[in-house]
Amino acid sequence: MSVSPIAETVTSLMPRARAELAELVAFRSVADPAQFPREECEAAAAWVADALRAEGFRDVSALDTPDGSQSVYGFLPGPEGAPTVLLYAHYDVQPPLDESAWVTPPFELTERDGRWYGRGAADCKGGFVMHLLALRALKAAGGVPVAVKMIVEGSEEQGTGGLERYAEEHPELLAADTIVIGDTGNFRVGLPTVTATLRGMTMLRVQVDTLEGNLHSGQFGGAAPDALAALIQLLASLRAQDGSTTVDGLAADAVWDGLDYPEADFRKDAKVLDGVGLIGRGTVADRVWARPAVTVIGIDCPPVVGATPSVQASARAQISLRVPPGQDAVEATKLLTAHLEAHTPWGARVVVEQVGQGQPFRADTSSPAYTSMAEAMRVAYPGEEMQTAGMGGSIPLCNTLAALYPAAEILLIGLSEPEAQIHAVNESVSPQELERLSVAEAHFLVNYARSKRG
């Protein structure tokens, strides 16, 4: 089968793409100044802005959003009468977690076993490089056939909603005929996939207090109420015996009617240890795409090293609740808060604080843009047909864009296939996927422009 000129161009651009991704990965752009200096994010934003200017984008600026982060915007004019396409990625990243657990440094792009390792390589700095590759290939082929708006968010991983609120305050800024969100991924390497649904999210911090101060466990233990034990009991109330999420009043029985996710494949993707069972009930697809899922993502309590024999006076945890399409994140937040308050044992004092929130999303896969993408993916992935899957993660901006621009078509693609291990140690990206998806996006823009002319 002949290779398209666009594909040949993208192949020739891959060494440059690797060098650029290495520069971008080197920024420790975690959008939390309590963990990394704000200057790291500002430097990453400046790098993105310079890259857009170099590609001929106009009106390039780092937008100061209400949560204190910066989102980078630029506009690339297209032919007269051409449709406008908004391309999205984000340059902020998750914390590296335990840097000693990385085989190679997390902020140093390193090639190993045919993959490129580094924090943000797939999620989602690689997504921005994917957009650049597609546009460069089109320029080499004669020009970009659409007008392009590029928005690169600076706090997506924190879920603090800065870009959502900025877009609501400036509704004309991101208006487009169709939107390509480059922050999801193929179901697996080599299988072209668009994401049809995203779970929403709510993030809460819960603090339990029982005593004025810590007490000697020998003198008071057995009668003095232990705040850490109360917190553990409270957190345990969020799961049934089989591990299913149990939040009072929150439905957890929906079923997924799309692409199947075999349990053996999930165990391999999730790297579940031999002999350890999966949690929940229903199919794997039901559990990760169609139902709510609670996760305790952090606990403040004494570390084992240096621990003293004390009854704890206070303990705190951060809880993430993924909210599936068909449920409202605001209502889920209220139910989770009420559950925590109702299930705190021993009359302990409890304070619940909301940290972040985003609504779930469901795309219209019958729209013309999906037809254009399916045709493009046949070219980029010869012999494969585009698949439609769900995603358990959240991209709160999708619902904001859908509400602001109800006529716009929204597609979700990206580099975060299971082997990428995003949000975990040793995150990586497949350069082959970067290459193929860049080809697919370029052909999509050609197909989409043609469909709008017709």
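The analysis underlying the following values was restricted to heavy atoms, covering all of them including side chains, and did not include hydrogens, waters or symmetry mates.
- Checking side-chain atoms of Arg287 against main-chain N and O of Ile279 turns up a donor-acceptor pair under 3.5 Å.
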Can you give the donor-acceptor pairs under 3.5 Å from side chains of residues 249-261 to other protein atoms, not counting sequence neighbours?
unit_1	atom_1	unit_2	atom_2	d
Trp256	NE1	Leu259	O	3.0
Tyr261	OH	Asp269	OD2	2.6

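- You'll find the side chain of Met373 stays beyond 4.5 Å of the side chain of Thr178, heavy atoms only.
- Shortest non-hydrogen contact noted between Arg281 and Arg291 is O-NH1, 2.6 Å.
- Interatomic distance, Ile151 CD1 to Leu87 CG, rounded to the nearest 0.5 Å: 11.0 Å.
- Shortest non-hydrogen contact noted between Ala134 and Ser438 is CB-O, 3.5 Å.
- With sequence neighbours excluded, no residue satisfies salt bridge (Lys or Arg N to Asp or Glu O under 4.0 Å) with Asp177.
- Taking each heavy atom of Met201 and Ser320 in turn, the nearest pair found is CG-OG, 4.1 Å.
- A distance-only check finds a donor-acceptor pair linking the side chain of Lys149 to the backbone of Leu173 [under 3.5 Å].
- Salt-bridge annotation for Glu427 and Lys125: absent, with no side-chain N of the basic residue lying under 4.0 Å from a carboxylate O of the acidic one.
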Exercise for the section: Kindly determine whether Thr110 and Val103 satisfy side chain to side chain contact (heavy atoms under 4.5 Å, CB included), including the steps that lead there. Expected result: CA-CA 10 Å; Thr110 307; Val103 175; over 6 Å; no
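- A donor-acceptor pair is defined here as one N or O able to donate and one able to accept, closer than 3.5 Å; such a pair exists between the side chain of Arg119 and the backbone of Gln94.
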Return all side-chain donor-acceptor pairs below 3.5 angstrom for residues 65-72, not counting sequence neighbours, or 'none' if the list is empty.
unit_1	atom_1	unit_2	atom_2	d
Thr65	OG1	Asp67	OD1	2.8
Thr65	OG1	Ser69	O	2.9
Thr65	OG1	Ser69	OG	2.9
Asp67	OD1	Ser69	N	3.1
Asp67	OD1	Ser69	OG	2.7
Asp67	OD2	Ser155	OG	2.6
Asp67	OD2	Thr160	OG1	2.6
Asp67	OD2	Gly162	N	3.2
Ser69	OG	Ser155	OG	3.1
Gln70	NE2	Asp64	OD1	3.2

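- Salt bridge annotation for Glu417-Arg115: present, with a cationic side-chain nitrogen under 4.0 angstrom from a carboxylate oxygen.
- Put simply, the side chain of Thr245 never gets that close to the backbone of Arg239: no donor and acceptor are under 3.5 Å apart.
- Side-chain contact between Pro431 and Arg18 is absent, with no heavy atoms from C-beta onward closer than 4.5 Å.
- Judged purely by atom type and a 3.5 angstrom limit, Glu157 has no side-chain atom pairing as donor or acceptor with the backbone of Val93.
- Between the side chain of Glu168 and the main chain of Thr400, no donor-acceptor pair closer than 3.5 Å is present.
- Among residues two or more places apart in sequence or in another chain, the salt bridge (Lys or Arg N to Asp or Glu O under 4.0 Å) test is passed with Arg267 by none.
- Taking both residues in full, the closest heavy atoms of Tyr91 and Ala45 are given as OH-CB, 3.6 Å, listed atom of the first, atom of the second, then distance.
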Handout entry: Residue pair Arg16, Glu20: steps toward the side chain to side chain contact (heavy atoms under 4.5 Å, CB included) verdict
Key = CA-CA 6 Å; Arg16 179 182 178 185; Glu20 289 177 325; 3.4 Å; yes
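- Not counting sequence neighbours, the partners of Lys139 by the salt bridge (Lys or Arg N to Asp or Glu O under 4.0 Å) test are Glu55.
- Scanning all heavy atoms of the two residues, the minimum distance from Val148 to Val144 falls at CG2-CG1, 4.0 Å.
- One N or O on the side chain of Gln387 and one on the backbone of Glu385 form a donor-acceptor pair closer than 3.5 Å.
- Put simply, the side chain of Asp265 does not reach to within 4.5 Å of the side chain of Lys268, judged on heavy atoms.
- Applying the ring-ring contact (aromatic ring centres under 6.0 Å, His included) definition to pairs two or more places apart or across chains, none involves residues 398-441.
- Remark: the backbone N or O of Pro360 is paired with a side-chain donor or acceptor of Asn399 at under 3.5 angstrom.
- Take Gln432 and apply the side-chain contact (heavy atoms from CB on, under 4.5 Å) test, not counting sequence neighbours, and it matches Ser430, Arg436.
- With 3.5 Å as the limit, one finds no donor-acceptor pair spanning the side chains of Gln354 and Thr333.
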Exercise for the section: Might you work through the side chain to side chain contact (heavy atoms under 4.5 Å, CB included) test for Tyr88 and Leu401, ending with a clear yes or no? Expected result: CA-CA 11 Å; Tyr88 168 90; Leu401 297 177; 5.9 Å; no
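- One finds no salt bridge joining Arg378 and Glu384 here, because no Lys/Arg side-chain nitrogen approaches an Asp/Glu carboxylate oxygen to under 4.0 Å.
- To the nearest 0.5 Å, the span separating CD1 on Ile179 from CG on Leu412 amounts to 9.5 Å.
- To the nearest 0.5 angstrom, Arg362 atom CZ is 14.0 Å from Ile410 atom CD1.
- Contact check for Gln318 versus Met203: side-chain heavy atoms found under the 4.5 Å cut-off.
- No hydrogens or angles considered: nothing links the side chains of Asp92 and Gln158 as a donor-acceptor pair under 3.5 Å.
- The ring-ring contact (aromatic ring centres under 6.0 Å, His included) check on Tyr166 picks up His170, with sequence neighbours excluded.
- Residue-environment remark: CD (Gln241) stays at or below the threshold of 12 foreign heavy atoms within 6.0 Å.
- Pairs of residues two or more places apart, or lying in two chains, never qualify as ring-ring contact (aromatic ring centres under 6.0 Å, His included) while including a residue from residues 49-72.
- For the pair Arg136 (side chain) and Thr9 (backbone), a donor-acceptor distance under 3.5 Å is absent.
- Applying the salt bridge (Lys or Arg N to Asp or Glu O under 4.0 Å) test to Glu40 and every residue at least two apart in sequence or in another chain returns nothing.
- The line from CD1 of Ile181 to OG1 of Thr195 is 11.0 Å long, rounded to the nearest 0.5 Å.
- The main-chain N or O of Pro83 is never found under 3.5 Å from a side-chain atom of Lys452 such that the two would form a donor-acceptor pair.
- Between Asp123 and Ser416, the shortest heavy-atom distance links the atoms CB-OG, 3.9 Å.
- For the atom pair CG (Leu335) and CG (Leu340), the distance works out to 11.0 Å, reported to the nearest 0.5 Å.
- In this structure, Ile299 CD1 and Ile297 CD1 are separated by 11.0 Å, a value rounded to the nearest 0.5 Å.
- Judged as a ring-ring contact (aromatic ring centres under 6.0 Å, His included), and not counting sequence neighbours, the contacts of Tyr448 are Phe444.
- Using a 3.5 Å distance cut-off with no hydrogens or angles, the side chains of Ser367 and Glu409 do pair a donor with an acceptor.
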Practice task
For Leu13 and Leu132, run side chain to side chain contact (heavy atoms under 4.5 Å, CB included): C-alpha distance rounded to whole Å, both residues' side-chain angles, the deciding distance at 0.1 Å, then the answer.
Solution key: CA-CA 10 Å; Leu13 291 170; Leu132 292 180; over 6 Å; no
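- Applying the ring-ring contact (aromatic ring centres under 6.0 Å, His included) test to every pair with at least one member in residues 108-144, sequence neighbours left out, gives no pairs at all.
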